[in-house]
Amino acid sequence: MITRIPRLIDMGPEAVHITAQIMILLLAANGTPVLLERISGDRFQHPLDGGCRFRDGRPWFGPSKTWRGFVGGVLAATAVAPWVGLPWSVGLSIGTVSLLGDLASSFLKRRLGIPPSGMALGLDQIPEVLFPLLWIRESFHLTWSYIAWATLLFLVAELGLSAVLYRLHIRKRPY
């Protein structure tokens, strides 16, 4: 059974615990592609879009969105879910939908002319947290205020963690 989230104004230990579980799954899904790139370099780096271009002549997603990263991120969230006390199926859902949100932001960035790995504050972070929260909203009984709060929390955490990973030479860019 999936634990229910209380309203944000009732933010007690249960809500804090569930928030931590969800954030860990999101960080596993979105951090694993970065780690895999660092570990394996150019090996197994096959773009999800296969190098195909959209009708505007730009790539669908770009070369940094790879099968290695997508599959690795989904598998990481799936594997971490039981470790944090959630069913593996929740990890699979959150990991998949989060990385689909990341692909959606890459697609929009290409349409806006932002190059692969170029920074778009908010657009780079929000879909990868908002989409999975909307996906699990009903089963976790998430309120809209909770979704807004958790999205802001992830945005700040992801920006801070990216800067740290850059300083540790794990990320190529500080964002």
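Worth knowing before you read on, the calculation uses all heavy atoms, side chains too, and leaves out hydrogens, waters and symmetry mates. Note that the numbering runs from 1 along the sequence shown for the chain.
A donor-acceptor distance shorter than 3.5 angstrom exists from the side chain of S139 to the backbone of I136, with no hydrogens or angles considered. In this structure a side-chain-to-backbone donor-acceptor pair under 3.5 Å is missing from T66 to P47. Not one N or O on the side chain of K65 forms a donor-acceptor pair closer than 3.5 Å with the backbone of S106. No donor-acceptor pair under 3.5 Å is formed between the side chain of R110 and the backbone N or O of R58. Judged by distance alone, the side chain of E128 and the main-chain N or O of G101 form no donor-acceptor pair under 3.5 Å.
From I170, atom CD1 reaches atom OG of S162 across 11.0 Å, with rounding to the nearest 0.5 Å. Considering CD1 of I22 and CG of L86, their distance stands at 7.5 Å, rounded to 0.5 Å. Remark: T143 OG1 to W149 CH2 distance equals 10.5 Å, nearest 0.5 Å.
Of the candidates R68, R173, K172, K172 is the only one forming a salt bridge (charged side-chain N to carboxylate O under 4.0 Å, His left out) with E37. Of the candidates L155, I147, V97, L130 forms a side chain to side chain contact (heavy atoms under 4.5 Å, CB included) with just one, namely I147.
A single hydrophobic cluster is not seen to contain both F61 and M119; linkage of ILVMFWY side chains at heavy-atom distances under 4.5 Å, directly or through other members, places them apart. Cluster annotation: L134 is not connected to L123 through the hydrophobic network of ILVMFWY side chains, with a link wherever side-chain heavy atoms come within less than 4.5 Å. Side-chain heavy atoms closer than 4.5 Å link hydrophobic residues (I, L, V, M, F, W, Y) into clusters, and following such links, even through other members, never connects L103 to V129. No path of Ile, Leu, Val, Met, Phe, Trp and Tyr side chains, each step under 4.5 Å between heavy atoms, connects M23 with L99, placing them in separate hydrophobic clusters. Grouping the Ile, Leu, Val, Met, Phe, Trp and Tyr side chains by contacts below 4.5 angstrom, directly or via other members, places L133 with I126.
By the 30° and 60° cut-offs, the orientation of the rings of F70 relative to W67 is perpendicular.
Remark: R111 engages D56 in a salt bridge, criterion side-chain N to carboxylate O under 4.0 Å.
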Evaluate ring-ring contact (aromatic ring centres under 6.0 Å, His included) for F54 paired with F107, printing each intermediate quantity in order.
CA-CA 9 Å; F54 194 63; F107 179 81; 5.1 Å; yes

